[in-house]
Amino acid sequence: MLHRFGFFELDEGARALRLRGTAQKLQPRVFDLLVYLVRNAGRVVPKDELMDALWPNLNVTEASLQRAVSLARAALSVGGLENAIRSYVRHGYRFAIDEVSVDAAVPGFDAQESNRAQALGFAKAKDWHGAAMVFERLDADGQLCAADIDVWALAVECQGRPAAAIPVLTRALAAYVAEGQPNLAARAAVTIAKLELERSAPAAASGWMGRAEALLGDMEDPRTTAYLLWMKARQVIFQGRAAEALELSLQSHSAAHACGDPGLIALTLVYMGFYNISLGRIEQGVSQQNHAAAIALSSNVDPVFGSLVYCNILWSCRTFPDWSRARQWSEGFDSWSEASYATIPGTCDLHRAEILGAQRDLIGALAAIDQALPKLSEEQAWSIGDGYRVRGDIRAMIGDLDGARKDYAAAYAAGWDAEPGNAVLLAEAGQVGVALAALDRVLEGASWYHIQRRGILLAHRMRIAAMGGLRDIAAGALAELETQSDRWTQPAVHALVNEAHYLLASDNEAIRFLVLARQLWTSAGIEYHAARVRLELARILMEAGDIAAARTEIAAAERTAVRIGSRRLQMMAAEMQPQLTSTPPSHLIAQG
């Protein structure tokens with residue numbers, strides 16, 4: 001495999017790092033480190049993962065890894081990329097060149113053409129507001145060709161106004177037809193279809209896809225063919241036909257390789273990974289997504305293609321849910337979005353909100369989702385329901401249960417579902433049967449969104465059934481999870497399963513399941529649920545008379561509650577404090 005970034009070329013087959021064609025000296029282990037980071041470009045690779053990959057079956061200290069990173073940085077510094085490997089304290093390292101390229105999207109120009117040069121110069125500098133203003137003025141004077149109008153549309157989209165780009169793209173399509181370039185007109189039609197699909201207009205999207213196919217006809221244009229097949233796969237997956245979507249993505253990826261466009265290669269590969277994940281081929285799908293990001297982040301990929309690659313990975317992480325991997329990608333996603341757009345799109349804010357909520361900042365998460373919802377309603381209506389679901393989850397964790405219920409109702413009204421959060425609130429209110437019925441309706445769904453979330457939904461079904469003492473229903477959910485155990489490996493799923501086992505276990509066995517659930521939530525980085533389980537563990541410890549251990553769990557939960565901004569957890573902990581003084585110590589119970 002060959003990787004190019006900056007003036008470097010990393011040749012895995014030849015085990016060589018070249019700078020402008022000249023081989024650079026690297027120790028074998030340093031070369032392996034660089035390959036591993038480049039293959040996983042864009043995400044924060046944990047230190048343990050790196051040490052396992054570089055020193056398998058050997059016990060080494062972090063000092064060995066730090067030295068290897070230092071030597072890799074020294075090698076890259078010769079070509080001006082010493083900052084390409086970034087450190088994240090207590091986490092790991094990330095390889096990325098976050099400078100977004102627009103070379104592939106903006107045509108060259110003659111500096112003597114003052115007006116056109118100004119507009120395209122603004123675009124190359126990613127001054128999208130300035131570019132759009134100049135293009136609009138030139139258009140009024142009739143000075144724009146089809147390629148200029150295409151860049152104008154990109155500038156509008158990168159201002160966070162994708163719907164407003166549609167009429168501009170329609171103009172570009174007509175101009176390409178008039179100039180005798182139907183293949184480029186077809187490409188514009190596919191982009192319009194993409195934007196229409198994202199604002200919940202599937203019929204309009206289908207119409208534009210038909211227009212694209214008619215314009216392309218029998219022309220040999222691998223780039224347009226790859227783009228068109230990629231979009232066809234997206235339409236198919238929205239209907240839940242993951243196997244068909246995967247087949248189309250294989251064809252689109254082959255066409256992308258034929259034209260050698262790195263942006264299309266990355267885009268088609270990341271969606272191939274997405275469909276494989278939907279089909280349960282987790283390891284293959286994750287590997288393809290990581291590889292796609294490495295291509296996108298080390299090549300001349302335009303802002304829209306690059307953000308689609310990142311966005312697809314974050315959607316997979318959120319819905320699966322793989323919160324550890326989501327955290328590893330979130331830093332790079334934020335950097336890319338800020339470098340790409342004049343105004344961050346609503347879907348980017350949505351990703352940030354759910355990841356912040358899953359990590360450690362509920363107040364920041366609420367601010368991010370409040371910022372996202374107006375954008376989603378205007379520009380990306382297909383995901384507005386998911387926005388309400390996310391805000392409902394965040395409000396529930398903060399302690400605004402009435403607000404959470406209103407958001408869950410709004411999610412359903414928007415044609416989405418609000419599970420599992422809605423079911424959890426119903427079960428906590430004693431409505432276990434209603435909660436299970438809500439989950440069952442969602443589990444019958446066949447879209448990609450339902451398929452990817454099935455594991456977490458089944459785990460919640462098991463726990464809620466256990467809350468109601470419904471052993472047969474809990475056992476049925478567990479049986480399906482165990483049948484596909486290699487698919488549902490996420491700590492969050494296993495934490496919920498252990499909580500269910502705790503609810504169903506005899507007194508002597510219960511506590512070990514709860515301790516394991518707490519450990520799993522902690523390893524997943526989900527601080528709210530780790531603290532919630534700590535409080536339940538404290539309750540059991542108090543009942544057993546182990547006041548010292550209960551006090552430790554409550555204190556840890558309180559610290560977490562304050563740090564993440566959960567009034568709900570703080571109130572739960574406060575309600576338990578009087579019991580710490582009223583319950584006799586365990587040694588007195590034993591004496592009695």
Side-chain angles (χ1 to χ4, degrees), residues 240 242 278-280 282 319-322 389 392-393 396 401 404-405 408 411-412 416-521 524 526 529-530 532-537 539-540 543-544:
S278 297
L279 289 165
I282 310 305
T319 57
F320 194 46
D322 187 344
R389 178 193 69 79
D393 289 348
L401 302 190
R405 292 185 184 99
Y408 292 149
Y412 271 110
W416 209 264
D417 72 71
E419 308 310 335
N422 174 62
V424 170
L425 287 190
L426 287 169
E428 289 174 349
Q431 301 181 66
V432 170
V434 179
L436 290 172
L439 282 174
D440 287 345
R441 284 192 296 272
V442 178
L443 284 165
E444 291 172 0
S447 74
W448 64 267
Y449 186 66
H450 296 94
I451 294 169
Q452 287 196 346
R453 290 191 304 150
R454 189 168 184 83
I456 197 71
L457 292 171
L458 284 168
H460 275 285
R461 188 172 190 266
M462 182 183 175
R463 177 175 176 267
I464 289 172
M467 289 170 69
L470 303 172
R471 291 181 175 274
D472 289 346
I473 294 176
L478 178 61
E480 183 175 340
L481 287 168
E482 289 181 337
T483 299
Q484 297 183 316
S485 59
D486 58 337
R487 182 173 185 174
W488 312 119
T489 59
Q490 312 91 316
V493 169
H494 289 278
L496 289 166
V497 168
N498 276 279
E499 286 191 58
H501 282 311
Y502 149 71
L503 292 166
L504 296 171
S506 65
D507 290 344
N508 293 334
E509 296 177 310
I511 196 165
R512 69 182 179 89
F513 290 117
L514 207 55
V515 169
L516 183 53
R518 183 199 64 191
Q519 292 170 344
L520 286 163
W521 282 124
I526 315 300
H529 289 298
R532 174 182 60 77
V533 171
R534 279 186 181 278
L535 292 175
E536 179 61 18
L537 186 57
R539 186 186 66 78
I540 295 179
E543 289 176 357

Taking all heavy atoms of [X] and all of [Y], pick out the closest pair and write down the distance.
X: G392; Y: A404; answer: O-CB, 3.3 Å
X: A524; Y: P491; answer: CB-CB, 3.8 Å
X: L439; Y: A423; answer: CG-CB, 3.7 Å
X: L481; Y: G455; answer: CD2-O, 3.7 Å
X: V493; Y: A459; answer: O-CB, 3.8 Å
X: A435; Y: A427; answer: CB-N, 3.9 Å

Which distance, rounded to the nearest 0.5 Å, do you find between the [atom1] of [X] and the [atom2] of [Y]?
X: E419; Y: D393; atom1: CD; atom2: CG; result: 9.5 Å
X: I473; Y: M462; atom1: CD1; atom2: CE; result: 12.5 Å
X: D322; Y: T489; atom1: CG; atom2: OG1; result: 7.0 Å
X: L514; Y: R534; atom1: CG; atom2: CZ; result: 11.0 Å
X: Q431; Y: L426; atom1: CD; atom2: CG; result: 5.0 Å
X: L436; Y: R441; atom1: CG; atom2: CZ; result: 11.0 Å

Hey, are the side chains of [X] and [Y] touching, using non-hydrogen atoms and a 4.5 Å cut-off?
X: L458; Y: L478; value: no
X: L496; Y: W521; value: yes
X: M467; Y: E499; value: no
X: V424; Y: H460; value: yes

Quiz prompt | CA sep, side-chain torsions, deciding dist, call: R453, V442, side-chain contact (heavy atoms from CB on, under 4.5 Å) | solution = CA-CA 10 Å; R453 290 191 304 150; V442 178; 3.6 Å; yes

Practice problem: Answer yes or no: is there a donor N or O on one side and an acceptor on the other, between the side chain of R518 and the main chain of R532, under 3.5 Å? | Solution: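 No, because the side chain of R518 does not come within donor-acceptor range (under 3.5 Å) of the backbone of R532.
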
Quiz item: Do you know which of R454, R461, R487 makes salt bridge (Lys or Arg N to Asp or Glu O under 4.0 Å) with E480?
Solution: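 Exactly one pass, corresponding to R454.
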
Quiz prompt | Stepwise side-chain contact (heavy atoms from CB on, under 4.5 Å) check, Q490 with I456 | solution = CA-CA 9 Å; Q490 312 91 316; I456 197 71; over 6 Å; no

Practice problem: Evaluate side-chain contact (heavy atoms from CB on, under 4.5 Å) for L425 paired with R405, printing each intermediate quantity in order. | Solution: CA-CA 8 Å; L425 287 190; R405 292 185 184 99; 4.0 Å; yes

Quiz item: Taking only residues two or more places apart in sequence or in another chain, which ones pass side-chain contact (heavy atoms from CB on, under 4.5 Å) with L504?
Solution: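 side-chain contact (heavy atoms from CB on, under 4.5 Å) list for L504, sorted by chain: A466, R471, A474.
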
Quiz item: Can D417 and Y408 be counted as having a side-chain donor-acceptor contact under 3.5 angstrom?
Solution: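 No.
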
Practice problem: For I282 and D486, run side-chain contact (heavy atoms from CB on, under 4.5 Å): C-alpha distance rounded to whole Å, both residues' side-chain angles, the deciding distance at 0.1 Å, then the answer. | Solution: CA-CA 8 Å; I282 310 305; D486 58 337; over 6 Å; no

Quiz item: Which pairs with one or both residues in residues 461-520 pass ring pair (Phe, Tyr, Trp, His ring centres under 6.0 Å), sequence neighbours excluded?
Solution: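 Those involving residues 461-520 are F320-W488, H501-F513.
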
